[in-house]
Colleague: 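Below is a structure I'd like to ask you about.
Computation of the quantities below employed the complete heavy-atom set of this structure, encompassing side-chain atoms and omitting hydrogens, waters and symmetry-equivalent molecules. In the text below, chain A, chain B and the rest are named by the order of the sequence lines, each starting its count at 1. Remember, it's a predicted structure, so these values are computed and weren't measured experimentally.
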Amino acid sequence: MPALQPVRGTHDILPEEILRHRHVEEVARATSALYGFAEIETPIFEFTEVFARTLGDTSDVVTKEMYTFEDRGGERLTLRPENTAGVARAFISGGLSQRLPLKLFYRGPMFRYERPQKGRLREFHQVGVELFGVADPIADVEVIALGDQFLETLGLKHRVRCELNTLGDMESRRAYRERLVAYLRDFRDRLSEDSRERLERNPLRILDSKDERDRAIVAGAPAMDEAMTDDARRFFDALRDGLERAGVAYVPNPRLVRGLDYYCHTVFEFITTDLGAQGTVLAGGRYDGLVEQMGGPATPGVGWAAGVERLAMLVETAPEPTRPVAVIPFSAAGAAKGLEITQMLRRAGIAADMGYSGNLQKRMKRADKLGARATVLLGEDELSRGAVSVRDMATGTQEEVPIVGLVDRLAAFG
RNA sequence: GUGGGAAUAGCUCAGCUGGUUAGAGCAUCGGAUUGUGGUUCCGGGGGUCGGGGGUUCGAAUCCCCUUUCCCACCCCA
């Protein structure tokens, strides 16, 4: 194993790249703040049961994708594969149930042991939100509208579409599951191998199978709609009405099913066609039973998570690095003065850099490469008059400025 | 976990059916230009051809193993 290689599925985020990532995170944080969500940070590892119990015994995330290990004290720990379970745990252990409704935003690394592809990594980053304590679909509307505005602010509105579905309440879901399995049993031998497996473990997943044969069979399957209780139906109608009032465009997709066991009622995905098979960029849903299942007070919840790397690949406008002022001495004597002036500028809040070596020409080139807006030139003549020359790097114009007035003059460069 | 493609300089890539010292563009460094950047011109450095083994007089090129990336499936952000 070549040592100087990052672990499979992990990668370094280099300075140019991290500007895009930070931009995605900051837009998410700012948009969440507009909707009243406060930031929370939870540990990147938890006791294994936190995830194993909540995500479901049949989900792939639990059965084959967790980074689980034993620490020196013999505890079974897992690097978080997602953060809803961790935030729900914090909600319970931190006594936050006293402060409902509660809106939380988070960001950070997640870990899944999967086969890497573009937009699919073993360590990746998510931003996400969770809203606890509101059973009314108004909460779902807010959460989805927040996701929609977040993506719009990133300039991605034209590249994603929001797909929406309902899984119904627990009763609807159980009833539908029975109907679906009863129907599919008759076609068992004609289903794909994967789907025969799913028939036992997670039959709803067969609905969004990509296999041609499965699709043909699924086309004739009973619709989720038929098994819906009146309550579940009203919930979904209210959600759709709310989304229209909130100005969120969406496409109903009756075959949208999500993998984690804790979802009920609302499920949604914001999807792009620009990232190959990894088109889901932001996704979530309602998880009313989760907190109670973990041992907390019965508390409804709804939220989503978005993939920072996937979004960063789509975002076209990356913020520019800060452009410094370059301080350039002409001589050894000037270099001492240059240090003083550079520090004076920095303490005044002006980004400044001083070339470390080379002749004048070389330092000018370096200043150009740094993207300097202006250079401060320390010539012997000017210094003898207590002044320096300030060169505007965009226009090439240059003027002499007394050192005492330098900070004010440079502030004008913005 | 299953199936397929790829890996040559910091980056993007040439290198035909195995044949001398492995190339180009960009980047980098130096010079033309020791009080002035972007353009131009000249020159330099940089590669165990992903790693290991095999076939051969001879392997970047053919074979096997391995690592990583990419594509599809599974699944997901």
Colleague: Find which nucleotide of RNA chain B each of Asn359(A) and Asp392(A) is nearest to by heavy atoms, and output the residue with the more 5' nucleotide.
Modeller: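 Looking at RNA chain B, the more 5' nearest nucleotide goes with Asn359(A).
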Colleague: Mind checking if Glu193(A) touches a base, just sugar-phosphate, or nothing, with heavy atoms under 4.0 Å?
Modeller: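 No contact.
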Colleague: Considering just the side-chain nitrogens and oxygens of Arg366(A), establish if one lies under 4.0 Å of OP1 or OP2 belonging to G37(B).
Modeller: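 Indeed not, no polar side-chain atom of Arg366(A) lies that close.
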Colleague: Any salt bridge between Asp288(A) and Arg286(A), counting N to O under 4.0 Å?
Modeller: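 Salt bridge: yes.
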Colleague: Given the C1' atoms of G18(B) and G25(B), what is the spacing between them in whole Å?
Modeller: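 The same atom, C1', in both gives a distance of 28 Å.
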Colleague: For the pair His265(A) and Phe235(A), name the ring-plane relationship: parallel under 30°, tilted 30 to 60°, perpendicular over 60°.
Modeller: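 Parallel.
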Colleague: Give a yes/no on whether any side-chain N or O of Lys362(A) is located under 4.0 angstrom from OP1 or OP2 of G30(B).
Modeller: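 Yes, because at least one side-chain N or O of Lys362(A) sits under 4.0 Å from OP1 or OP2 of G30(B).
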Colleague: Regarding Ala394(A), tell me which of base, sugar-phosphate or nothing describes its non-hydrogen contacts under 4.0 Å with the strands shown.
Modeller: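 Base contact.
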Colleague: Would you say a side-chain N or O of Lys365(A) is under 4.0 Å from OP1 or OP2 of C29(B)?
Modeller: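 The answer is no; no side-chain N or O of Lys365(A) sits under 4.0 Å from OP1 or OP2.
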Colleague: Donor-acceptor pair under 3.5 Å: do we get one between Gln398(A)'s side chain and the base of U36(B)?
Modeller: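 For Gln398(A), whose side chain was compared with the base of U36(B), there is a donor-acceptor pair (under 3.5 Å).
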Colleague: Please work out whether the ring planes of Tyr287(A) and Phe132(A) are parallel, tilted or perpendicular, with thresholds of 30° and 60°.
Modeller: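 Geometry flag for Phe132(A) against Tyr287(A): perpendicular rings.
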Colleague: Counting Watson-Crick and G-U wobble pairs whose two distances are both under 3.5 Å, find the runs of 3 or more in a row that involve RNA chain B.
Modeller: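 In RNA chain B, stems of three or more pairs: B:1-7 with B:67-73, B:10-13 with B:23-26, B:28-32 with B:40-44, B:50-54 with B:62-66.
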Colleague: Do the side chains of Asp274(A) and Arg159(A) get close enough for a salt bridge, i.e. N-O under 4.0 angstrom?
Modeller: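 Arg159(A) and Asp274(A): salt-bridged.
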Colleague: Please say whether the positively charged group of Arg112(A), taken as NZ for Lys or CZ for Arg, lies over the ring of Phe124(A), i.e. under 6.0 angstrom from the six-membered ring centre and within 45 degrees of the axis.
Modeller: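 No.
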Colleague: Hey, is Arg409(A) close enough to Glu399(A) for a salt bridge, meaning N to O under 4.0 Å?
Modeller: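 Salt bridge: yes.
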Colleague: What is the separation between atom CG on Asp368(A) and atom P on A27(B), rounded to the nearest whole Å?
Modeller: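 Taking atom P of A27(B) as the reference, CG of Asp368(A) is at 13 Å.
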Colleague: Measuring centre to centre across the rings, with the benzene-like ring taken for any Trp, is Phe187(A) within less than 6.0 Å of Tyr183(A)?
Modeller: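 Centroid separation for Phe187(A) and Tyr183(A): below 6.0 Å.
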Colleague: Met364(A) has an atom CE; how far is it from atom P of U36(B), in whole Å?
Modeller: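 Rounded to whole Å, this separation is 9 Å.
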Colleague: Generate the contact string for nucleotides 72-77 of chain B. Rules: B means base contact, S means sugar-phosphate contact only, - means no protein heavy atom under 4.0 Å.
Modeller: BBBBBB
Colleague: Below 4.0 angstrom, N of the basic side chain to O of the carboxylate: do Arg161(A) and Glu163(A) qualify?
Modeller: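 The answer is yes: the pair qualifies as a salt bridge.
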Colleague: Does a salt bridge link Lys103(A) with Glu142(A), judged by any charged N lying under 4.0 Å from a carboxylate O?
Modeller: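 Salt bridge present between Lys103(A) and Glu142(A).
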Colleague: Determine whether any donor atom in the side chain of Glu382(A) lies under 3.5 Å from an acceptor atom in the base of G35(B), or the reverse, and answer yes or no.
Modeller: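 By the distance-only test, yes, there is a pair.
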